[in-house]
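Start at 1 with the first residue, then count along the sequence. Both counts, for ligands and for their atoms, begin at 1 and track the order of listing.
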Amino acid sequence: MDKIVIKGGRRLQGAVAVSGSKNAALPILFSSLLTDGVSSYTNVPELRDIDSTRQLLTHLGARVETEGHAMRVDARGLCTHEAPYDLVRKMRASVLALGPLVARLKRARVSLPGGCAIGARPINLHLKALAALGAEIRLEHGYVTATAGRLRGAEITFDTVTVTGTENILMAAVLAEGTTVLRNAAREPEVVALADVLSRMGADISGAGTSEITVRGVAALRPVAAEIIPDRIETGTFMVAAALTGGPVEIVGCEPRHVAAVVDKLREAGADIRVGERSITVTGPPRIAGIDIQTQPYPGFPTDMQAQFMVLMSVADGVGVVAETIFENRFIHVSELRRMGADIRVSGNTATVRGVRRLSGAPVMATDLRASACLVLAGLVAENTTEVQRVYHLDRGYEALEKKFAALGADIVRRR
Ligand code: EPZ
């Protein structure tokens, strides 16, 4: 099993390009199921989750061709409406096949995604909203089965803001009869990117990016050629790496608007940040200041940046309080950071981080995607050597992260 080995203490400097967004690419690739044509996508990141999506689309009968960061999906010959356990268990986001399959094939059978390291992550809100659109929902043998005639528009209010829930129902509602209004909808840039692509396929959507989205159903959609937006979490991860190790690092090909909350917090921690049109340059302060963060749905501070910021607070001058309000179990990285000498106390959904002068290198275990990024960042500033194990978590959402860090001057390698 691969591990990443880092000798800490090097200052990162130079320019790094951001890849396409995992969390935008996944729903957009599943939206190809809504047409009986051939759609093409560029700036698709090369990730394990993209590969899992390719496998599921192929299992459903689509023909998928990939060449570097380009992907072509021919969804004319779908042969089944079932997303099996063996594929769904690899990637929870496979649940995003549900909406498009019910909308196009009038039925879907999708394995229920179990819980994951960061929380129970039920899909009850997806199912409740799909039922409101007229689908008959049955849960049996670990699968959800949804059947419907043509879906019917409805007024839906999500009890909690849910990103993939909003995306799933958007993809179901575009072919429904009549108008659907989604309230308390997610406002994430990935939702807006999906709505943009659906609109270019012929859907009639307004209000994406706000908490109220209106969808007027159409009879059919056409295939599309679309470019995937830059990954804002990868952007944020590089910004933290620059602030931690000194920089300056210029992050190119990113969308600065999408990381405004991260820019604000890094400035509060003392970093110097220059924002360009499609780039951000970060220079770290002599010593990071302790600050407080609280994760929130977009445009608040992203939960997918919480672990990376905890490393920052671990070496800060002073105390930082980190409150996680989205997932109930997203502090698993704390025990590994403590093994590296961090001083962190957890009480409920709040971690109080007292900065130490220096972390010390150690063998550590990654437990989920963002926790693995956090441990790599910790290794960049720790004394001596850190070995991050189970990096398959990292490969799910970061394209060649160690190579990108090495190009910025880090002493980092992947070992088999
Ligand atoms: C998306 O997950 C992202 N994944 C996550 O990124 C991200 O952390 C999360 O949104 C929050 O920003 C993708 O886009 C593929 P939610 P999602 O539904 O949609 C509860 C990463 O690291 N909830 O917005 O699954 C849920 O348990 C990943 O890239 C219900 O109770 O998250 C959570 O507490 C990790 N019932 C909260 O809502 C539901 O039916 C928000 O979850 C749905 C959600």
Visitor: Is V161 close enough to touch ligand 1? Criterion: a residue heavy atom under 4.0 Å from a ligand atom.
Guide: yes
Visitor: Under 3.5 Å between any N/O of R92 and any N/O of ligand 1: does that happen in this structure?
Guide: no
Visitor: Against the six-membered ring of Y298, is R187 placed for a cation-pi contact (under 6.0 Å from the centre, within 45° of the normal)?
Guide: no
Visitor: Mind checking whether Q296 and F301 have side chains closer than 4.5 Å, heavy atoms only?
Guide: no
Visitor: Is the closest side-chain donor-acceptor distance between R274 and T283 under 3.5 Å?
Guide: no
Visitor: Can H393 be said to touch ligand 1, with heavy atoms closer than 4.0 Å?
Guide: no
Visitor: Can you tell which part of T162 has a heavy atom less than 4.0 Å from ligand 1: side chain, backbone, both or neither?
Guide: both
Visitor: Which atoms of ligand 1 are found less than 4.0 Å from any heavy atom of T160?
Guide: 38 (O)
Visitor: Tell me the protein heavy atom at minimum distance from atom 31 (O) of ligand 1, and give that distance in Å.
Guide: P122 CG, 3.5 Å
Visitor: Among side-chain atoms of T303 and E324, is any donor-acceptor pair under 3.5 angstrom?
Guide: yes
Visitor: Just heavy atoms, cut-off under 4.0 Å: does R370 contact ligand 1 by side chain, backbone, both, or neither?
Guide: side chain
Visitor: Could you say whether the N/O atoms of F327 and ligand 1 ever approach to under 3.5 Å?
Guide: no
Visitor: Quick check: does E328 get an N/O under 3.5 Å from an N/O on ligand 1?
Guide: no
Visitor: Strictly below 4.0 Å, N to O, side chains only: are D49 and R396 in salt-bridge contact?
Guide: yes
Visitor: Ignoring hydrogens, just give me the one of T295, N124, D49 whose non-hydrogen atom is nearest atom 30 (C) of ligand 1.
Guide: N124
Visitor: If I apply the N/O under 3.5 Å rule, does D304 come out as touching ligand 1?
Guide: yes
Visitor: Using a distance threshold of 4.0 Å (strictly less than), state whether atom 20 (C) of ligand 1 has a protein heavy-atom neighbour.
Guide: no
Visitor: Side chain to side chain contact (heavy atoms under 4.5 Å, CB included), that's the test. Do R370 and Q306 meet it? Break it down for me.
Guide: CA-CA 8 Å; R370 306 304 169 183; Q306 178 256 98; over 6 Å; no
Visitor: Checking a contact table here: which protein heavy atom is nearest atom 11 (C) of ligand 1, and how many Å away?
Guide: T303 CG2, 3.8 Å
Visitor: Quick one: does E190 get within less than 4.0 Å of ligand 1, heavy atoms only?
Guide: no
Visitor: Within a strict 4.5 Å, meaning less than it, do heavy atoms of the S19 and Y398 side chains meet?
Guide: no
Visitor: Yes or no: does E167 have any heavy atom under 4.0 Å from an atom of ligand 1?
Guide: no
Visitor: Heavy-atom distance under 4.5 Å between the side chains of V64 and R72, does that happen here?
Guide: no
Visitor: If you count the atoms of ligand 1 from 1 in the order shown, which ones are under 4.0 Å from a heavy atom of K22?
Guide: 21 (C), 29 (O)
Visitor: Quick one: which of N23, V163, I118, T325 has a heavy atom closest to atom 16 (P) of ligand 1?
Guide: V163
Visitor: Determine whether the side chains of N168 and H126 contain a donor N or O and an acceptor N or O closer than 3.5 Å.
Guide: yes
Visitor: For residues T367 and A117, report the shortest heavy-atom separation together with the two atoms involved.
Guide: O-CB, 3.8 Å
Visitor: For G165 and ligand 1, does the shortest N/O to N/O distance drop below 3.5 Å?
Guide: no
Visitor: Pairs of nitrogen or oxygen atoms closer than 3.5 Å, one from R121 and one from ligand 1: do any exist?
Guide: yes
Visitor: Among all protein non-hydrogen atoms, which one is nearest to atom 34 (O) of ligand 1, and what is the separation to 0.1 Å?
Guide: I326 O, 2.6 Å
Visitor: Answer with side chain, backbone, both or neither: which part of R330 has a heavy atom less than 4.0 angstrom from an atom of ligand 1?
Guide: side chain
Visitor: Would you confirm whether the ring centroid of Y143 sits within less than 6.0 angstrom of the ring centroid of Y85?
Guide: no
Visitor: Hydrogens and angles aside, do H69 and E227 bring a side-chain donor and acceptor to less than 3.5 Å of each other?
Guide: no
Visitor: Tell me, do E328 and N349 make a side-chain contact under 4.5 Å, heavy atoms counted?
Guide: no
Visitor: Polar contacts were defined as any N/O atom of the residue lying under 3.5 Å from an N/O atom of the ligand; does this apply to L125 and ligand 1?
Guide: yes
